[in-house]
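As the structure is a computational prediction, the values presented were derived from the model and not from experiment.
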Amino acid sequence: MTLPLDSILTLRLMLGEILAGQLPQAGRQWLDTKVNLTNPVSIQTAFVAAPRFTGKQPVSLSPERRQQIAELRSHFSILAWPLDRVTRLYLLLHLPLEQKELFIQSIETLFETAEMNELVALYASLPVLPYPEAWFFRATEAVRSNMGLVFDSLALGNPYPSEQFSELAWNQLVMKTIFNDKSVGGILGLEKRSNPALARILVDFAHERWAAGRYVPARAWQVVVPFVNESMLADIRHLFHSNRAIDREAAYLICTETNFAPARLLLQEYTSDVPEHLTWHQLDTQVA
């Protein structure tokens, strides 16, 4: 989605209020000086220098403030962000928002010269930057990144990929998350963006892991639910026979939620100690 300019400006005002109440006095004075400059180079320089003036302690947000931000931009949160990252977002929103070419070039310059924490701030900020289509290439670079924090800033808790990625790019992000044993449940839009190609890739990947005596994160199986077919019945049976309770629970959820009748019939064949009101989210929080 594209955040309207008035919403971006409202968010900028909120961030300014948050920072005014939590930055040290010297940090507030420094930031006030920087945001009053209209030169993009000055904002870029401040973006790089921010941690020296703000510190890295986590931002504190009241429930009301969290709700206000969520209402402005769905699925976006700065909860648990360090103050330097909040400050960097605040600075980005002081770039020339209505001058498309200048704004994009200013952000591109930051991407080209960024170190790891600066990249994390840039990727985490994508959902609230204007011109979201302009950042697709940079976002797919994060998927290929070997820097775990950079990948996480895009893949986990970030609505940008589910809204902007092509099917191919989306599938690559999901599978890299699974391959690296990260929290699949942290991917926003996982259920909505499931597709037949992703289901096939996951099943093939599971076969490879099983052959090596390993497993697939239980939550990952949610992506196959709309696409269960005859060829997957043996895989579901494999999950029911697993010595891991969360695999058996994943099989139960697949069979409960699929519209494929032969899979639903497996529930009559396999009775298991499944907790009441089981959800996919619960599989993220259980220990294997």
Side-chain (Lys176) to main-chain (Val143) donor-acceptor, under 3.5 angstrom: yes
Salt-bridge contact Arg138-Glu112 (side-chain N to carboxylate O under 4.0 Å): yes
Side-chain donor or acceptor of Asn158 paired with backbone N/O of Ser153 under 3.5 Å: yes
Trace of the side chain to side chain donor-acceptor pair (under 3.5 Å) decision for Ser194 with Glu191: CA-CA 5 Å; Ser194 295; Glu191 181 179 5; over 6 Å; no
Check: Phe76 ring centroid to Tyr160 ring centroid under 6.0 Å: no
Residues Asp32 and Arg28 bridged, charged N to O under 4.0 Å: no
Lys/Arg-Asp/Glu bridge criterion (N-O < 4.0 Å) met for Arg65, Glu17: yes
Residue Asp204 excluded, over 12 heavy atoms near CG under 6.0 Å: yes
Ion pair Asp181/Arg209, N-O distance below 4.0 Å: yes
Leu156 versus Ser183, closest heavy-atom pair with distance: CD2-O, 3.4 Å
Test item: Lys192 and Ser162 side chains (from C-beta on) under 4.5 Å apart, heavy atoms: no
Side chains of Trp280 and Glu257 in contact at under 4.5 Å (non-hydrogen atoms): yes
Sub-4.5 Å side-chain heavy-atom contact between Leu93 and Leu9: no
Pairing of Arg214 and Glu208 as salt bridge, 4.0 angstrom limit: no
Any donor-acceptor N/O pair, Glu118 side chain to Glu115 backbone, under 3.5 Å: yes
Whether Gln57 side chain and Pro82 backbone form a donor-acceptor pair below 3.5 Å: no
Main-chain N/O of Ala121 paired with Arg88 side-chain donor or acceptor, under 3.5 Å: no
Contact summary for Pro217 and Val184, nearest pair of heavy atoms: CB-CG2, 4.2 Å
Glu101, CD atom: more than 12 neighbouring heavy atoms under 6.0 Å: no
Arg66 (side chain) donor-acceptor with Leu79 (main chain) under 3.5 angstrom: no
is_close_aromatic(Tyr252, Phe240), centroid dist under 6.0 Å: no
Check: Phe165 and Gln172 side chains under 4.5 Å, non-hydrogen atoms: no
cation_pi(Arg248, Tyr270) dist<6.0 Å, angle<=45: no
